[in-house]
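Below, all heavy atoms of this structure are taken into account, side chains as well, without hydrogens, waters or symmetry copies.
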Number of protein chains: 2
Amino acid sequence: MLTIGDVARQAGLRPSAIRYYERVGLLPEPHRVGGQRRYDRDVFTRIAVIRMAQEAGFTLEEIRTLVSGFPEATPAGDRWRALARRKLPEVDAMILRLMTMRRVLEESLMCDCLTLDACGVLGWSSAGTASTQAKTDLG
Amino acid sequence: MLTIGDVARQAGLRPSAIRYYERVGLLPEPHRVGGQRRYDRDVFTRIAVIRMAQEAGFTLEEIRTLVSGFPEATPAGDRWRALARRKLPEVDAMILRLMTMRRVLEESLMCDCLTLDACGVLGWSSAGTASTQAKTDLG
DNA sequence: CTACCGGTTCAAGCGAGCTTGAAGTCATTG
DNA sequence: CAATGACTTCAAGCTCGCTTGAACCGGTAG
């Protein structure tokens, strides 16, 4: 049984973050010994999931849905699957954007432009078509 | 010559955002007519660059360096290239994380687990090795 | 017994990225 | 001339994801 400090040290975050996660429903309320939180080792799995999802661009709100075990009162893993299904295209879109960015970065390493928008790298002609380009997806 | 309202409408953001970008140095100060800002169409290119970089996870601070034409007082595009070089691996890492997330989402659509961490999909055994896993990269 | 260490709560603060509101300016329209 | 509407500045507010500080509690060591 680990104290919040142990968990924090091993997971590489601050106790305050762990309490915060608990407050917003990302972590379950642990049992307590004399008022103090005691954690089981599988809290690390949970934290790792949270972190990964966070790095993948999910909000804590979304992660809460991902991660919390809607115990009864819910169809099944249907809720989680629904979210996953909804999120997949977003993740794909994100990957695409990042790959575009990657290309831009890489190609711009090879040219002499002073600024990004003075540079042809983007494939945009720097004016004219720009307004069309400007409304790509973001909504 | 476009007013700030025109630009905002066409770019899909609010005038306040445009003024904000100007304040933090993402957009150059436009000329003014009777105190009001007037923009050239190439502002849309700039805005599109900003948006893309933002979606790719750059902070406005970084984008400022990316986008602003450090006119004199700077070696060349060296500064921008330096940033690009520094950012490339980060972008790559981000892409990798997203692909992991994608895999998790996709595979979890195919299993019956109620929660993510009850599920084997992650490849983590749900305890034991977790603490090791927990410290992947984040720093 | 006292000190100290690490836990506890709660409210407030912070940085990023904007938005909102108040108060004023300016051009056009009736 | 007065009203309208889009602009202006400036300061303050808001959301997210935490952190920090004040004040307190409990267990162990000297």
Checklist line | Smallest separation among heavy atoms of V7(A) and F44(A), with atom names | finding: O-CE2, 3.7 Å

Check: Step by step, would you call R19(A) with E22(A) a salt bridge (Lys or Arg N to Asp or Glu O under 4.0 Å)?
Finding: CA-CA 5 Å; R19(A) 291 193 200 96; E22(A) 182 182 329; over 6 Å; no

Item checked: E62(B) (side chain) donor-acceptor with T59(B) (main chain) under 3.5 angstrom -> yes

Margin query: Nearest whole Å is fine: how far is dG17(C) C1' from I50(B) CD1?
Written below: 13 Å

Notebook entry, point to check: Given side chains that start at C-beta, do those of V43(B) and I18(B) come closer than 4.5 Å, heavy atoms only?
Noted result: no

Note to self: With rounding to the nearest 0.5 angstrom, report the CG to OH distance, L27(B) to Y21(B).
What the structure shows: 8.0 Å

Is there any protein nitrogen or oxygen under 3.5 Å from a nitrogen or oxygen in nucleotides 14-20 of chain D, and what are the pairs?
from	atom 1	to	atom 2	distance (Å)
dG17(D)	OP1	L60(A)	N	3.4
dC18(D)	OP2	Y21(A)	OH	3.0
dC18(D)	OP2	Q54(A)	NE2	2.3
dC18(D)	O5'	Y21(A)	OH	3.4
dT19(D)	OP2	S16(A)	OG	2.7
dT19(D)	OP2	A17(A)	N	3.2
dT20(D)	OP2	R14(A)	NH1	2.1

Checklist line | I4(A) CD1 - dC5(C) C1' separation (whole Å) | finding: 15 Å

Next item on the list: Quickly work out the E62(B) CD to dG15(C) P distance and round it to whole Å.
Entry: 17 Å

Check: Given side chains that start at C-beta, do those of L2(A) and Q10(A) come closer than 4.5 Å, heavy atoms only?
Finding: yes

Next item on the list: Mind calculating the distance between CG (D6(B)) and C1' (dA6(D)) to the nearest angstrom?
Entry: 10 Å

Margin query: Within the 4.5 Å heavy-atom criterion, are R102(B) and I95(A) side-chain neighbours or not?
Written below: yes

Notebook entry, point to check: Where along residues 29-37 of chain B does a heavy atom fall under 4.0 Å from DNA chain D?
Noted result: R32(B), G35(B), Q36(B), R37(B)

Next item on the list: Evaluate side-chain contact (heavy atoms from CB on, under 4.5 Å) for M101(B) paired with F58(A), printing each intermediate quantity in order.
Entry: CA-CA 10 Å; M101(B) 199 63 204; F58(A) 287 61; 3.7 Å; yes

